[in-house]
Each structure stands twice: as C-alpha cells, then as structure tokens.
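Counting from 1, the numbers follow the sequence of the chain as shown.
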Amino acid sequence: MLAVLLNPEREIGEKEVTLMASGIETVFATERATIATVLIVDDENATRDLCRDIVVESGLRTRTASTTEQALEILEQYPVDIIITDLRVPEIGGLELLKRVKQSHPRVPIIVLTQYGTIESAVEATRIGATDYVTKPFHIPELRTKLDRVVHSLELDEENRVLREQLRTRPGFAGLIGLSPKMQRVYKLIEKVSQHNYPVLILGESGTGKELVARSIHFSGTRSSRPFAPVDCSSFVPTLIESELFGYVKGAFTGANQTKRGLMEAAGNGTLFLDEIGDLPIDLQAKLLRALQEKEIRPVGSTDRISISVRVIAATNRDLEEAVRQGKFRQDLFFRLNVVQIKLPPLRERKGDIPLLVNSFLEKFSDTAAPVRTISEDAMTRLMAYDWPGNVRELENAIERAVALGTSSLLHVGDLPSNLQYGASEKLPQNDVLLPLDELERRAIMRALRESGGDKLAAARLLGIGKTTLYRKLKQYDAQAHLRN
C-alpha cells in the first residue's frame with residue numbers, strides 16, 4: 001500500500017535537499033503528508049532534467065532513467081509511486097514499457113510525454129492504461145498541474161485505505177459503523193444493556209439501522225448462542241401476527257392442519273425483535289403486554305398457557321409518545337417496553353461517519369477478485385452535502401449502484417444516482433419543465449469541466465466526445481457570451 005511505499009528510509013529536515021551525483025535520486029522535503037517517488041524515463045537530458053526540477057519543486061522524490069531497460073531495473077529494486085515517460089524512448093519504447101508496468105504494477109499511475117503529430121500514440125497509451133499525457137514541448141504549469149492531480153489521487157487512495165483499516169479496528173458492534181460522538185453513546189448503551197435481560201426500545205428514522213442495534217445487543221450479551229427472532233409487525237395482518245407470536249393448535253382455524261409453536265416460545269432463552277412495534281394493532285398490544293407481564297402465552301385455539309423466557313427488543317420509526325396521546329398505542333405497553341431507550345441519530349446528524357460508511361460499502365460491493373473500488377473527491381463531496389432522508393440504507397443503495405454501473409476503479413459523480421449528481425445550485429429541471437437540447441448540452445459540458453478540474457481532455461472523456469468537438473462547443477459558448485454582453 002502507499003503507506004509502505006512512501007515510508008522514507010530516514011528522517012529528512014524540512015528544507016534539506018539531497019542530490020546524488022548520478023542523478024538517480026533526488027529528495028526535496030516539503031509539508032506534504034506523504035512523499036511519493038516519481039520515476040522519469042526520457043533519453044533527452046534537457047527534458048529529463050526539466051521534469052526532475054518540476055517533481056522536486058512539487059515536494060516529491062525522483063528517480064531517472066534514460067532507457068526502458070534502466071526503468072525496468074529501477075522498478076524491480078525500488079518502490080515507485082508515479083511514472084513520467086516519453087513514448088519515444090530507447091530500447092523497447094514507451095508503449096511497451098507502459099504495457100509491462102501495467103502487468104507488474106497495475107496501480108502505478110503513468111503520465112506519458114508525446115511529440116506533436118503523435119497524438120494517436122498518446123490515445124493508444126491512454127487506452128492501455130496511462131493516466132494522462134502531455135504534449136512536448138510542454139508548458140511547465142501543465143505538467144505540474146497533472147502531476148499534482150495524480151499525487152492527490154494517491155493521497156486519496158491512502159486516506160481510503162486508512163478508513164478501511166479504521167473500520168476493522170473501530171469501537172463498535174456487529175455491522176454498526178461510525179466514530180461520531182452520537183454513535184459512541186449508542187455503543188456504550190449497547191454494551192450496558194447487552195448484559196441484562198430487560199426490554200429495550202430502539203427509536204430512529206427508517207434506514208438508521210435499528211435491527212443492527214438489536215442484533216448487536218443480542219450477540220454481544222449472554223444470549224448470543226440462543227436464537228435471534230425478528231418479526232416485522234407492519235408486514236402481517238393482525239391474525240397472522242398473533243399466530244406468529246403466540247403459535248396455534250391444530251384446528252384453531254381453517255388451514256391449521258398441525259400445531260405450531262409461536263416465536264415467543266420457539267426463541268426459548270433468545271431474543272425476540274419486534275420491528276415497527278408502532279404498527280401493532282391495539283388489541284394485540286393488550287395480549288403482548290400480558291405476555292410480557294406474566295411471562296406466559298396462550299396459543300391461538302388453546303386453553304393452556306405456556307411459560308416463556310424470551311427477551312423482547314422493540315423498535316419503531318414512529319413517535320410512540322404522540323401515539324399514546326392519540327390513543328393509538330397503549331401507555332402501559334409503552335412503559336413496559338421503554339425500560340431502556342436507545343435513539344439512533346439520522347445520518348444527516350453524523351455526516352462525519354459518511355466516509356467510513358462509504359468505504360465499508362465499497363469493500364462490501366466490490367468484486368472480490370479485483371482491487372476495492374475508491375471514490376473521487378468530487379463524488380465524496382456530493383455524498384457529504386446530501387441530507388440522506390433514507391439514512392444509511394439509502395447511502396448503501398447509492399454505493400451499490402455506483403459500483404454496479406461504474407466503469408473504472410475510481411467512482412465519479414456521474415456514477416452516483418441522478419439526485420446526487422447535481423449540487424444545490426444546479427438542480428435537474430422538474431419533469432414538467434422542458435429545456436432546449438442546446439441548453440442541456442451546455443450544462444452537461446460545464447459540469448464535466450467542473451468535475452474534471454478544468455481538464456478538457458478528461459471532460460471530453462467523461463462526455464464521450466472528441467476533444468475537437470469540446471473545443472468547438474466552448475468557442476461557441478464564448479461567442480454567445482460576447483454577443484449577450
């Protein structure tokens with residue numbers, strides 16, 4: 001990983017410069033958090049020295065090679081994070097070098113240098129796997145900008161790796177993810193109540209992970225080896241909920257061809273999780289209250305009572321106190337369930353946990369045979385700006401979609417659901433608002449330029465059009481702007 005590759009062999013002073021006489025290595029210390037090593041491959045001394053100066057001024061290490069053979073030897077002996085190579089370099093040539101590097105070091109980004117008139121070769125290099133290209137003779141700011149962009153991408157990859165490592169070592173329970181203060185309080189409550197048997201009421205909006213909390217309580221406590229039985233109270237008609245909870249005897253109703261134990265009995269000394277308890281019909285609330293108080297149930301159609309020892313955890317996204325005031329939920333049952341209350345914060349109140357969640361979902365949905373996908377800074381910015389009415393479940397679905405539809409290892413804004421692809425100042429038109437095709441095209445081009453940081457070649461790739469077409473469109477927009485002024 002980058003943390004290993006970038007680890008310097010010794011400490012470097014803030015302004016220390018080390019120049020080896022052979023020109024093989026140059027170190028220039030800056031305030032960068034990590035110092036990448038850039039391999040420069042070019043047979044022209046002037047170009048090689050100019051590239052080295054640019055790399056050094058950017059606060060990076062350099063290694064240089066005048067032939068592809070030297071470059072391959074350096075790659076075998078030393079860690080290299082970025083490669084800048086000319087396409088016309090002796091012995092096997094830049095394209096063949098690119099192919100070999102991609103086979104042995106597939107994650108190393110490569111910037112190629114190409115002469116005017118050989119753009120086709122640069123396009124071929126991009127197809128093979130080059131990150132970007134610069135046309136010679138190049139402008140120093142252009143190469144510096146593209147180099148900074150690659151370094152920033154490497155730093156982002158390293159941040160993602162650290163986040164994934166935090167996921168493995170974070171303080172938490174079961175599948176719960178988050179390091180925010182509000183989630184830390186949830187963890188402490190889980191830790192306390194898991195060692196006891198009293199009822200717990202979990203409150204939170206839909207998608208916040210209420211069942212995960214219930215499972216965490218069960219599997220962190222003394223009942224972890226016993227069954228965990230979830231019941232969605234909103235998904236059954238009243239008669240079915242009663243038979244699911246309490247069971248029934250043969251002949252109790254049409255279709256009852258044999259006696260069946262209810263979940264409150266079958267769970268034994270385990271945990272019964274009553275999800276969406278606020279949707280439980282009022283008559284069944286009375287029966288549930290009696291079962292909790294008496295610790296016994298009466299199956300449907302039976303006159304006998306059966307003792308139970310199951311622990312009950314309930315959850316709802318409703319305001320039960322308001323439901324009690326409206327007479328839709330029994331007050332005595334509310335008090336019985338609300339011995340300990342755990343309230344889960346919505347995702348919009350703990351946005352600092354979004355990067356952790358995103359990296360967890362990327363790891364979950366990425367192909368096991370391929371490197372874990374990463375996400376671009378622009379895409380992460382959009383995720384952080386969104387309020388997530390569907391909470392963690394909505395975020396998980398968004399990342400699953402992005403992984404399924406993304407075409408590269410780095411996910412961009414365009415891979416996100418459509419409601420996330422537009423910032424607050426750039427909303428999609430409503431369904432009943434029609435815009436001319438020219439205006440839709442202009443908006444798409446402007447957005448692609450913003451997402452690519454002004455890189456016209458990258459913007460053209462995002463749009464699936466040629467660079468010439470993009471330049472022509474931009475000139476057209478400039479002319480229109482001058483006419484309006």
Lys/Arg-Asp/Glu bridge criterion (N-O < 4.0 Å) met for [X], [Y]:
X: D42; Y: R88; value: no
X: D132; Y: K146; value: yes
X: R144; Y: E57; value: yes
X: K136; Y: E44; value: yes

Counting N and O atoms only, with roles assigned by atom type, does the side chain of [X] sit under 3.5 Å from a partner on the main chain of [Y], one being a donor and the other an acceptor?
X: T68; Y: I92; answer: yes
X: D415; Y: H412; answer: yes
X: S58; Y: L60; answer: no
X: S220; Y: I217; answer: no

Counting neighbours of [atom1] on [X] that are heavy atoms of other residues, nucleotides or ligands and sit closer than 6.0 Å, is the number greater than 12?
X: R226; atom1: CZ; answer: no
X: K102; atom1: NZ; answer: yes
X: E377; atom1: CD; answer: no

task = Let me see the working for D81 and V108 under side chain to side chain contact (heavy atoms under 4.5 Å, CB included), right down to the final yes or no.
result = CA-CA 6 Å; D81 303 302; V108 174; over 6 Å; no
request  = List the steps and the verdict of side chain to side chain contact (heavy atoms under 4.5 Å, CB included) for I277 and L337.
outcome  = CA-CA 10 Å; I277 189 69; L337 295 172; 3.9 Å; yes
Check: [Y] and [X] side chains under 4.5 Å, non-hydrogen atoms:
X: E191; Y: Y187; answer: no
X: L201; Y: V340; answer: no
X: I111; Y: I83; answer: no
X: V358; Y: L383; answer: yes
X: P230; Y: R215; answer: yes
X: K364; Y: V403; answer: no
X: T208; Y: L347; answer: no
X: V231; Y: L245; answer: yes

All ring-ring contact (aromatic ring centres under 6.0 Å, His included) counterparts of Y386, not counting sequence neighbours =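 W388.
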request  = Kindly confirm or rule out a cation-pi arrangement of R373 over F365, judged by NZ or CZ under 6.0 Å from the six-membered ring centre and within 45° of its axis?
outcome  = no
Interatomic spacing from [atom1] in [X] to [atom2] in [Y] - rounded to 0.5 Å:
X: I313; Y: F228; atom1: CD1; atom2: CZ; answer: 6.5 Å
X: I110; Y: H105; atom1: CD1; atom2: NE2; answer: 10.5 Å
X: I342; Y: S216; atom1: CD1; atom2: OG; answer: 9.0 Å
X: T62; Y: L39; atom1: OG1; atom2: CG; answer: 9.5 Å
X: Y133; Y: L113; atom1: OH; atom2: CG; answer: 12.5 Å
X: I40; Y: T47; atom1: CD1; atom2: OG1; answer: 10.5 Å

With sequence neighbours left out, write down each residue that passes side-chain hydrogen bond (donor to acceptor under 3.5 Å, both in side chains) with [X], or none if nothing qualifies.
X: T271; answer: H218
X: R401; answer: none
X: Q341; answer: N338
X: R311; answer: none

request  = Please assess D232 against S234 for the test side-chain hydrogen bond (donor to acceptor under 3.5 Å, both in side chains), listing each intermediate value before the final yes or no.
outcome  = CA-CA 5 Å; D232 186 350; S234 65; 2.7 Å; yes
remark   = Sorted by chain and residue number, the side chain to side chain contact (heavy atoms under 4.5 Å, CB included) partners of N397 (sequence neighbours excluded) come out as R393, E400
message = Checking side-chain polar atoms at under 3.5 Å, does N391 have a donor or acceptor matched by the opposite partner on E205?
response =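 On atom types as modelled, these side chains qualify, holding a pair under 3.5 Å.
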Flag for N317-S206: side-chain donor and acceptor within less than 3.5 Å =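 No, because no side-chain N or O of S206 sits under 3.5 Å from a partner of the opposite role on N317.
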note = From the list V38, I82, V55, side-chain contact (heavy atoms from CB on, under 4.5 Å) with V151 holds only for I82
task = Give the C-alpha distance, both sets of side-chain angles, the deciding distance and a yes or no for salt bridge (Lys or Arg N to Asp or Glu O under 4.0 Å) between R127 and E124.
result = CA-CA 5 Å; R127 188 190 66 79; E124 174 64 13; 2.6 Å; yes
task = Could you walk me through whether L280 and L274 pass the side chain to side chain contact (heavy atoms under 4.5 Å, CB included) test, one step at a time?
result = CA-CA 9 Å; L280 193 68; L274 299 175; 5.9 Å; no
message = Minimum heavy-atom separation for P281 and I241, please, with both atom names.
response =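 Heavy-atom minimum between the residues: CD-CD1, 4.4 Å.
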